[in-house]
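Contents: one structure, followed by commentary.
What you are looking at is a predicted structure, and each value in this text was computed from that prediction instead of being measured.
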Amino acid sequence: MSESCLFSASGLSANRGHREILRQISLALQPGEVFSLLGANGAGKSTLLSAFAGEIKPTRQAHQAYPVVLNGRALSDLSAAQQARCRTVLPQKPGLAFDLQVSEVVAMGAYPFPALSQGEVDALTWTTLQRADITGLAQRRYLELSGGEQQRVQFARVILQILAERQADPQGRYMLLDEPTASLDPLHQQTLLKTVSELARTERIGVLVILHDVNLAALWSDRIALLLDGALLACGEPMTVLTPENLKRVYGVEVRIMPHPGKPGKPLVVFG
């Protein structure tokens with residue numbers, strides 16, 4: 001894979017205040033894959049995602065000028081608008097206090113693309129509502145929705161952003177999702193991750209997603225990174241990374257690993 005089509009970190013360290021949160025993290029996200037971050041609370045998952053999103057500055061290393069590189073360019077050299085045209089961010093708790101219609105919230109994903117006509121935005125909004133399976137919410141008021149419904153609307157917004165002008169863009173595009181399934185019921189967890197997987201493959205999108213459900217990550221990820229105390233413990237395919245030894249170190253509990261009964265080649269993790 002060309003360096004010009006990767007979203008990568010090399011020796012990434014980061015602090016919050018005077019506390020070191022990340023220590024020498026190196027990984028590369030490729031277009032077309034779903035890459036999950038797993039770890040206990042406080043392991044540094046959200047900080048790592050924030051570093052990829054350009055929301056926090058990595059600790060400067062004397063030997064290293066650019067710890068985060070997006071499609072061959074230092075993330076720190078890109079403006080917020082340039083970043084927004086090739087990567088989207090879905091935070092844990094998206095804040096929106098305006099009483100907008102759902103379709104208007106979804107259309108906000110087109111903001112980084114001012115060249116789009118209103119007709120193009122409208123068509124893209126409808127396509128995205130279908131893709132996110134929320135056409136039934138399109139005319140509802142956003143602030144009247146449940147927390148889970150609002151999360152699905154925000155997910156649709158980032159889908160629109162990642163698909164806007166996609167066909168004319170030869171470079172990699174990326175989605176950064178921080179616990180997108182946290183407020184969803186099991187059906188909509190599976191639906192969201194199925195959509196994520198389809199987008200990765202059909203639209204050449206690299207997806208970096210934080211999940212707490214180990215079995216969801218095992219089922220839907222191409223690769224998994226396990227974080228332990230701000231460092232990378234293991235990284236690779238689910239069957240390689242999700243071992244009893246690794247999971248005991250990360251979560252402090254005994255686990256059993258067995259073949260998934262419905263998904264050959266995928267592990268099923270049983271805690272306790």
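His260 meets the side chain to side chain contact (heavy atoms under 4.5 Å, CB included) test with Leu219, Lys263, Lys266, Leu268; sequence neighbours excluded. Residues passing the salt bridge (Lys or Arg N to Asp or Glu O under 4.0 Å) test with Lys93, sequence neighbours excluded: none. Scanning for salt bridge (Lys or Arg N to Asp or Glu O under 4.0 Å) contacts around Arg85 gives an empty result, with sequence neighbours left out. The salt bridge (Lys or Arg N to Asp or Glu O under 4.0 Å) check on Arg87 picks up nothing, with sequence neighbours excluded. Legend: residues meeting side chain to side chain contact (heavy atoms under 4.5 Å, CB included) with Tyr111, ordered by chain and number and at least two apart, are Met108. Among residues two or more places apart in sequence or in another chain, the side chain to side chain contact (heavy atoms under 4.5 Å, CB included) test is passed with Leu90 by Pro94, Gln151, Gln154, Phe155, Arg157, Val158, Leu177, Pro180. Remark: Arg141 pairs with Asp99 by the salt bridge (Lys or Arg N to Asp or Glu O under 4.0 Å) rule, at least two apart or across chains. Applying the ring-ring contact (aromatic ring centres under 6.0 Å, His included) criterion to Phe52, with sequence neighbours excluded, gives Phe7. Applying the side chain to side chain contact (heavy atoms under 4.5 Å, CB included) rule to Glu104 yields the partners Leu100, Gln101; only residues at least two apart in sequence or on another chain are considered.
Counting only distance, with no hydrogens or angles, the side chain of Asn15 and the backbone of His18 share no donor-acceptor pair below 3.5 Å. Lys45 contributes a side-chain N or O that, together with a main-chain N or O of Ala40, makes up a donor-acceptor pair within less than 3.5 Å. In this structure a side-chain-to-backbone donor-acceptor pair under 3.5 Å is missing from Glu20 to Ser13. Of the possible donor and acceptor atoms, none in the side chain of Asp178 sits under 3.5 Å from a partner among the backbone N and O of Ser46. One N or O on the side chain of Tyr174 and one on the backbone of Leu6 form a donor-acceptor pair closer than 3.5 Å. One N or O on the side chain of Ser26 and one on the backbone of Gly11 form a donor-acceptor pair closer than 3.5 Å.
In plain terms, the two heavy atoms of Ala110 and Leu160 that are nearest each other are N-CD2, 3.3 Å. Contact between Ile21 and Gly44 at its shortest, heavy atoms only, is CG2-CA, 3.9 Å. What you find for Pro112 and Gly109 is that their closest heavy atoms are CD-O, 3.3 Å. Contact record, Ala132 with Ile159: CB-CD1, 4.2 Å, taken as the closest heavy-atom pair. The two atoms that bring Ala14 and Thr59 nearest to each other are CA-OG1, 3.5 Å, heavy atoms only. Summarising the geometry of Ala231 relative to Arg23, their closest heavy-atom pair is CB-NH2, 3.6 Å, with the distance given to 0.1 Å.
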In sequence, state the C-alpha distance, the side-chain angles, and the governing distance for Leu199 and Leu163, and then conclude on side-chain contact (heavy atoms from CB on, under 4.5 Å). CA-CA 9 Å; Leu199 284 168; Leu163 293 181; 4.1 Å; yes
For side-chain contact (heavy atoms from CB on, under 4.5 Å), just list the numbers for Ile56 and Arg16, CA-CA rounded to whole Å, side-chain angles, deciding distance to a tenth of an Å, and then say yes or no. CA-CA 9 Å; Ile56 64 170; Arg16 287 192 185 273; 4.0 Å; yes
Does the side-chain contact (heavy atoms from CB on, under 4.5 Å) test come out yes or no for Glu149 and Tyr142, once each step is laid out? CA-CA 9 Å; Glu149 289 171 329; Tyr142 178 80; over 6 Å; no
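Met239 and Phe35 are not part of a single hydrophobic cluster, where members link through side-chain heavy atoms under 4.5 Å apart. Met258 and Leu216 fall into different hydrophobic clusters, defined by Ile, Leu, Val, Met, Phe, Trp and Tyr side-chain heavy atoms under 4.5 Å apart, directly or through other members. Side-chain heavy atoms closer than 4.5 Å link hydrophobic residues (I, L, V, M, F, W, Y) into clusters, and following such links, possibly through other members, connects Val253 to Val214. Put simply, Phe271 and Ile224 are part of the same group of oily side chains (I, L, V, M, F, W, Y) that touch within less than 4.5 Å, one to the next.
For the pair Thr195 and Asp133, the minimum side-chain heavy-atom distance is 4.5 Å or more. Leu211 has its side chain out of reach of Leu37: every pair of non-hydrogen atoms, C-beta onward, lies at least 4.5 Å apart. Between Leu48 and Ile25, some side-chain heavy-atom pair lies under the 4.5 Å cut-off. Using a 4.5 Å heavy-atom threshold, the side chains of Leu193 and Val34 count as separate. The shortest side-chain heavy-atom distance between Val153 and Arg140 does not fall under the 4.5 Å cut-off. Contact check for Leu247 versus Val269: side-chain heavy atoms found under the 4.5 Å cut-off. In this structure, Leu38 and Tyr251 have side chains that are in contact, with non-hydrogen atoms separated by less than 4.5 Å. By the 4.5 Å heavy-atom criterion applied to side chains, Gln92 and Ile210 are not counted as neighbours.
Interatomic distance, CG of Leu75 versus CD of Gln82, reported as 10.5 Å (0.5 Å rounding). Rounding to the nearest 0.5 Å gives a distance of 7.5 Å between CG of Leu227 and CG of Leu22. The NZ atom of Lys57 lies 15.0 Å from the OG atom of Ser50; values are rounded to the nearest 0.5 Å. Interatomic distance, SG of Cys86 versus CZ of Arg173, reported as 7.5 Å (0.5 Å rounding). In this structure, CG on Leu226 lies 6.0 Å from CG on Leu242, to the nearest 0.5 angstrom. Rounding to the nearest 0.5 Å gives a distance of 5.0 Å between CD of Glu203 and CZ of Arg131.
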Atom pairs and distances, donor-acceptor, side-chain atoms in residues 120-127, under 3.5 Å, two or more places apart:
from, atom 1, to, atom 2, distance (Å)
Glu120, OE1, Ser117, N, 2.8
Glu120, OE1, Ser117, OG, 3.3
Asp122, OD1, Gln118, NE2, 2.8
Thr125, OG1, Val121, O, 2.7
Thr127, OG1, Ala123, O, 3.1

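Ion pairing between Arg249 and Glu245 fails under the 4.0 Å rule for side-chain N and carboxylate O.
Each side-chain hydrogen bond (donor to acceptor under 3.5 Å, both in side chains) pair with one or both residues in residues 219-232, not counting sequence neighbours, appears once here: Glu33-Arg223, Ser36-Ser221, Gln190-Trp220, Arg201-Asp222.
Each of Leu27, Leu70, Val68, Val69 was compared with Ser8 under the side chain to side chain contact (heavy atoms under 4.5 Å, CB included) criterion, and only Val69 meets it. Screening Leu145, Leu192, Ile134 against Arg152 for a side chain to side chain contact (heavy atoms under 4.5 Å, CB included) leaves a single residue, Ile134.
Members clustered with Leu187: none, using a 4.5 Å side-chain heavy-atom cutoff among hydrophobic residues.
Within a 6.0 Å sphere centred on CZ of Arg166, other residues, nucleotides and ligands contribute more than 12 heavy atoms.
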